[in-house]
Structure formats: C-alpha cells, structure tokens
2 protein chains.
Amino acid sequence: MAEKTISAVPKGQKSQFAVPYYEISYDKFFQFGVSVDCVVFGYHENRLKILLIKRGAAPFMGMWALPGDLVYPNENIDVAAQRILRDLTGIDNLFMEQTKVYGQVDRHPAGRVITTGYYSLIDIAKHDPHASAWADGVYWMDLDEVPKLAFDHSDILKDALQILQQRVRHQPVGFELLPEKFALADLQALYEAILNESYDKANFRKRILSMNLLISLKENQKDVPHRPARLYKFDKQRYDELIAKGFSFEL
Amino acid sequence: MAEKTISAVPKGQKSQFAVPYYEISYDKFFQFGVSVDCVVFGYHENRLKILLIKRGAAPFMGMWALPGDLVYPNENIDVAAQRILRDLTGIDNLFMEQTKVYGQVDRHPAGRVITTGYYSLIDIAKHDPHASAWADGVYWMDLDEVPKLAFDHSDILKDALQILQQRVRHQPVGFELLPEKFALADLQALYEAILNESYDKANFRKRILSMNLLISLKENQKDVPHRPARLYKFDKQRYDELIAKGFSFEL
DNA sequence: TAACTTTTGGTAAAAATGACATTAAGTATC
DNA sequence: GATACTTAATGTCATTTTTACCAAAAGTTA
C-alpha cells in the first residue's frame with residue numbers, strides 16, 4: 001500500500017482540510033450553533049425524576065424542555081454543561097457525562113444547531129434547584145409523567161435513560177443519587193426504580209456487600225416505625241483501587 | 001413547586017432561547033464549524049487495524065490523522081459520517097456509531113470546530129479502500145503501531161477503541177469484521193485481538209454456539225494444513241428475534 | 001499407514017446464582 | 001414490662017453456570 005496522494009476528499013471536490021487553514025472559507029462552513037442539553041436525573045421517595053424547564057419564548061413556547069443553552073464561542077462544551085447545571089442547582093463539579101450528539105439539519109427552527117446531550121445524577125434532597133439563579137420555572141417531574149418535549153428533547157431524554165440504565169449496571173454511578181449515608185434497602189430501591197426490575201432482598205445485599213465497596217457506619221436509620229437498618233457509605237477510594245487492579249463493577 | 005418565571009439562564013444574562021428565535025444573534029453564536037472523524041476498524045490475519053490518512057496540508061501537514069471532514073451546513077451529521085466512509089471505501093450503509101463529541105476550544109487551529117467521533121467495523125478483505133476516490137493516502141495501520149496523530153485524534157482513537165471493546169462484549173458487532181463465512185476459531189481470534197485476552201477454545205465454542213446465533217454451513221475451511229473447521233455464518237434474523245424477546249448478548 | 005494437528009464433544013470440580021427459611025433487633029401496643 | 005409486629009440480617013441448599021481439562025474424531029502430510 002504505497003502512498004500516492006494526500007487528498008482528504010473525493011477527487012474533484014474541494015477539501016476543507018487539504019488547503020492551508022487560513023484559506024478556509026469561514027462563511028460557508030463556520031455557521032453552526034452548538035448547544036448542550038442536560039438530562040438531570042434525581043431520585044426521591046422511590047421515584048426517578050427529571051429536571052425540566054417550561055419554555056417561555058418561541059420556539060416551542062409553553063412546552064416543557066430539557067435545560068440547555070448555546071455554547072459560547074470561547075467555551076469548552078464540557079464547561080458549558082457544567083455551567084448550565086451550576087446555574088440550575090448552584091453546585092459545581094457535578095458528575096456529568098455525554099450521551100449523544102444530535103445533528104439533524106432541521107432539529108432547531110432558529111438555524112443549524114448541533115446539540116450534545118449530557119446526563120447527570122443528583123440527590124434531590126441535597127440540591128434544591130429552587131435555591132439557584134435558575135430557580136424559577138424549573139421542576140422535578142416524575143419520569144413516567146413526562147409529556148412530549150420541545151425540539152428533539154424527547155429523543156434526548158429517551159437515549160439518556162437508556163444510557164443511564166446501562167451505566168448503572170456496570171459502574172457505581174447510582175450512588176450519586178443517594179444521600180451520603182444510606183441503607184441497603186435504599187440502594188436496592190434506587191436500582192429497582194432505575195431499571196424497573198425487582199431483586200431478592202437477601203441476595204441483593206450479599207452481592208453488593210461482597211464487592212467490598214461499602215463502608216459500614218456505626219449508625220442506624222432514624223425515625224422508622226420498625227427496626228432501623230444499618231447505614232453505609234460508598235468507599236470511593238477503595239473503588240478506584242479495585243478498578244486499577246482490573247476489577248469491574250457489575251449490577 | 002410553583003412556576004414563577006421561565007428564564008433559561010441566570011438572571012441578568014441574556015438567554016439565547018428566551019427571546020423570539022428571529023432575534024438570535026447569528027454572528028456571535030453561529031460561528032462554529034462542525035466535523036466528523038471516523039475511526040474505522042478493520043481486521044486481518046489476527047490483527048486489529050485502523051484506517052488512517054496522511055495529511056498533506058496545514059495544519060498538521062505530514063502527520064497521520066483519522067479520516068474526517070467538515071459537515072455541510074445542510075447535511076445531517078450521521079449522513080456526513082456515511083459520506084466520508086463511502087468516499088473512503090466505496091461502500092454505502094456501513095455500520096457506524098457515534099463515540100463522543102470533542103469540543104475543546106483550541107482543538108482545531110483553524111477556528112472553533114466541534115467534532116464527533118464515529119466508529120465503524122469492516123472486513124478488510126471485502127472493502128479495499130484503494131478502490132475508492134480516497135484511495136490515495138489511505139492506509140490500514142496496525143493498532144499498536146499507530147503514532148501520535150494530528151489534532152486530538154489520538155484521544156478520539158483511544159476512546160473509540162474503548163467503546164469498541166465494550167460493545168463487542170454486549171452486542172454481536174464483531175461479526176462485521178469477519179467474512180460472511182468463518183470458522184469458530186476465527187471468531188475467537190477476533191475477540192482475542194479486540195479485547196486482548198485469551199479464552200479456552202472448547203469453552204468459547206460452547207458459549208457462542210449455545211446462543212444459537214450461528215448457522216452451521218455444510219462447508220469447511222479450505223487450504224489449511226490440518227483438519228479443516230466447519231464454517232458458520234451469523235444469523236441476523238434470529239438475533240433480531242431474540243432481542244425482541246429480551247435476550248441480551250454477552251461476551 | 002502412521003504421525004501430526006486442530007476440531008469437536010464430553011466430564012467433573014468449582015463457583016455463582018436464586019429461592020426461601022430462620023433468627024435478630026428494633027418499634028408500637030396494651 | 002410483656003407481647004405483637006415489622007423489617008433487618010444471616011444462613012441453607014438446590015440449581016445453574018463457569019472453568020479447567022481430557023479424549024476421541026477428522027482431516028492433512030509424509
């Protein structure tokens with residue numbers, strides 16, 4: 001396989017990369033808008049929730065939508081995602097991960113806007129979106145009550161949920177949705193809510209504990225009308241150690 | 001949680017979405033370039049390969065890079081990915097899947113370019129990139145001989161490989177890399193190349209066959225200096241049926 | 001025909017899973 | 001303070017799945 005030419009596009013067509021970069025025609029190709037849409041999952045009382053805003057301006061005025069915004073020309077997109085979530089919840093450095101890119105030509109009526117979905121998990125009790133600058137017009141909605149959303153946000157949500165369900169099986173991301181101290185039954189209820197399946201209590205307990213990822217606290221549940229359960233917290237340090245040794249989390 | 005306002009950005013900052021869309025300031029936000037970079041995996045003689053081009057123009061002239069191109073303003077990005085791969089291999093409708101978006105401000109010296117990685121799997125014997133318009137300057141390179149690539153392409157490749165390794169465990173994508181008819185040992189060698197692990201031959205065989213996803217042909221290997229193995233082909237239809245019933249492929 | 005190589009089918013021990021029973025430890029009621 | 005009640009926590013056992021390994025079978029080569 002000998003080298004012949006270095007054209008990066010079919011013959012006869014002009015390449016954007018094959019010309020010196022200062023000759024690139026900005027006007028033709030550099031007219032995209034880029035945005036980020038956040039799928040923020042929360043969990044409260046055995047129910048999986050999602051953070052939505054209600055649109056007050058065209059397009060899609062009055063419809064529910066995912067919180068999102070255009071990315072600034074000098075802003076990294078990961079940073080933009082963090083910014084949006086910070087404005088929404090008042091909290092920095094939240095766990096966020098890309099889901100997919102949505103690049104249909106006609107997905108935004110205002111022009112060509114490429115958007116990237118990000119999903120995030122937060123403990124509702126800990127982070128009240130009302131306390132932030134975005135407070136107004138922001139709601140936690142039960143996942144199975146979500147109506148058709150603006151733009152292609154219904155697709156973005158659907159994909160994000162699927163990715164969450166996959167991740168939660170293979171990475172201990174679920175712990176982000178719980179308070180720092182939790183009972184095993186809480187953890188189980190969380191998994192059941194996300195995956196909607198149900199597990200045998202004793203077996204679930206054994207499986208989780210056998211991974212040695214939880215630290216048993218010397219503290220019990222309070223204010224329950226029955227025997228209180230032991231509280232645990234997630235051992236992040238230990239998890240990182242195990243990962244380094246080739247361990248892989250599974251369900 | 002009562003509705004109060006509908007502002008989508010922090011107070012005092014102007015929202016892009018909260019104003020009528022015809023007022024959006026195109027000049028400020030709509031100046032991104034969008035591109036697609038393809039990570040095309042191939043497989044030949046027990047080695048995992050990747051399709052690279054050699055850049056012949058600035059920036060990064062002379063360096064190896066992933067095949068990619070800017071997306072046209074009126075082109076869906078999935079379509080752009082297919083276009084690039086078609087120009088490269090002469091083949092339409094190849095299996096392609098997004099990996100991640102790369103949105104660092106300074107990732108492209110020519111301006112703000114957001115790129116999306118796509119990965120793809122092809123049977124090298126079947127699709128010779130030399131037969132296409134891109135023929136020149138396109139090479140299959142052994143995965144462990146890949147040098148540092150132009151732009152952030154080394155990162156894109158690294159991420160794509162990781163995603164491939166994950167997918168191959170949970171979806172029968174690996175078959176895309178093999179000829180239509182193959183022996184079980186070939187399949188095993190492919191998995192071992194992708195995941196770099198090794199499996200017990202007899203057990204691998206049992207596991208794969210127990211899924212009932214392979215059709216045993218009445219045909220054997222040819223031109224091998226020992227007992228020829230039975231050839232199989234992948235039963236796509238059966239796979240779709242099983243998936244519909246909730247089956248999930250695993251390793 | 002014999003030696004050789006790889007395929008193919010099989011077996012048995014070990015480990016993981018799943019269903020279910022039992023005991024323990026707290027709260028609530030009288 | 002005794003008893004009932006509820007859920008936590010532990011334990012057992014049959015079943016299935018995984019893993020390691022052996023041996024026969026079927027072709028090729030000499």
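First the proteins, then the strands, lettered A, B, ... as listed; each starts at 1. Values reported hereafter were calculated over all heavy atoms of this structure, with side chains retained and with hydrogens, waters and symmetry mates removed.
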Give one of base, sugar-phosphate or nothing for Ala202(B), where a contact means two heavy atoms less than 4.0 Å apart.
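It contacts base atoms.
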Distance check needed: [N] [atom2] versus [X] [atom1], whole Å only.
| X | N | atom1 | atom2 | answer |
| --- | --- | --- | --- | --- |
| Arg230(B) | dG9(C) | CZ | C1' | 14 Å |
| Leu231(A) | dA9(D) | CG | C1' | 14 Å |
| Phe204(B) | dA20(D) | CZ | P | 15 Å |
| His226(A) | dA9(D) | NE2 | P | 11 Å |
| Glu250(A) | dT18(D) | CD | P | 12 Å |
| Arg205(B) | dA24(D) | CZ | P | 18 Å |

So, [X] and [Y]: side-chain donor and acceptor under 3.5 Å apart, yes or no?
| X | Y | value |
| --- | --- | --- |
| Tyr102(A) | Asp159(A) | yes |
| Asp78(B) | Tyr118(B) | yes |
| Gln166(A) | Gln162(A) | no |

With Phe182(A), which of Tyr191(A), Tyr232(A), Phe175(A) fulfils ring-ring contact (aromatic ring centres under 6.0 Å, His included)?
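Option passing the ring-ring contact (aromatic ring centres under 6.0 Å, His included) with Phe182(A): Phe175(A).
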Tell me whether the rings of Tyr239(B) and Phe234(B) are parallel (<30°), tilted (30 to 60°) or perpendicular (>60°).
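Ring orientation of Tyr239(B) relative to Phe234(B): tilted.
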Name the orientation class of the two ring planes belonging to Phe249(B) and Phe247(B) (parallel below 30°, tilted from 30 to 60°, perpendicular beyond 60°).
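Geometry flag for Phe247(B) against Phe249(B): perpendicular rings.
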Tell me if the side-chain of Arg227(B) makes a donor-acceptor pair with the base of dA25(D), cut-off 3.5 Å, by modelled atom types.
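Yes, the side chain and the base share a sub-3.5 Å donor-acceptor pair.
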Which residues in residues 206-225 of chain B have a heavy atom closer than 4.0 Å to any atom of DNA chain D?
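Output list: Lys206(B), Arg207(B), Val224(B), Pro225(B).
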Nearest to the side chain of Asn203(B) - dA24(C), dC21(D), dT28(D)?
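Of dA24(C), dC21(D), dT28(D), dC21(D) is nearest to the side chain of Asn203(B).
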Can you work out whether Asp200(A) or Ala229(A) has the more 5'-proximal nearest nucleotide on DNA chain D?
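Its nearest nucleotide lies further toward 5', so the answer is Ala229(A).
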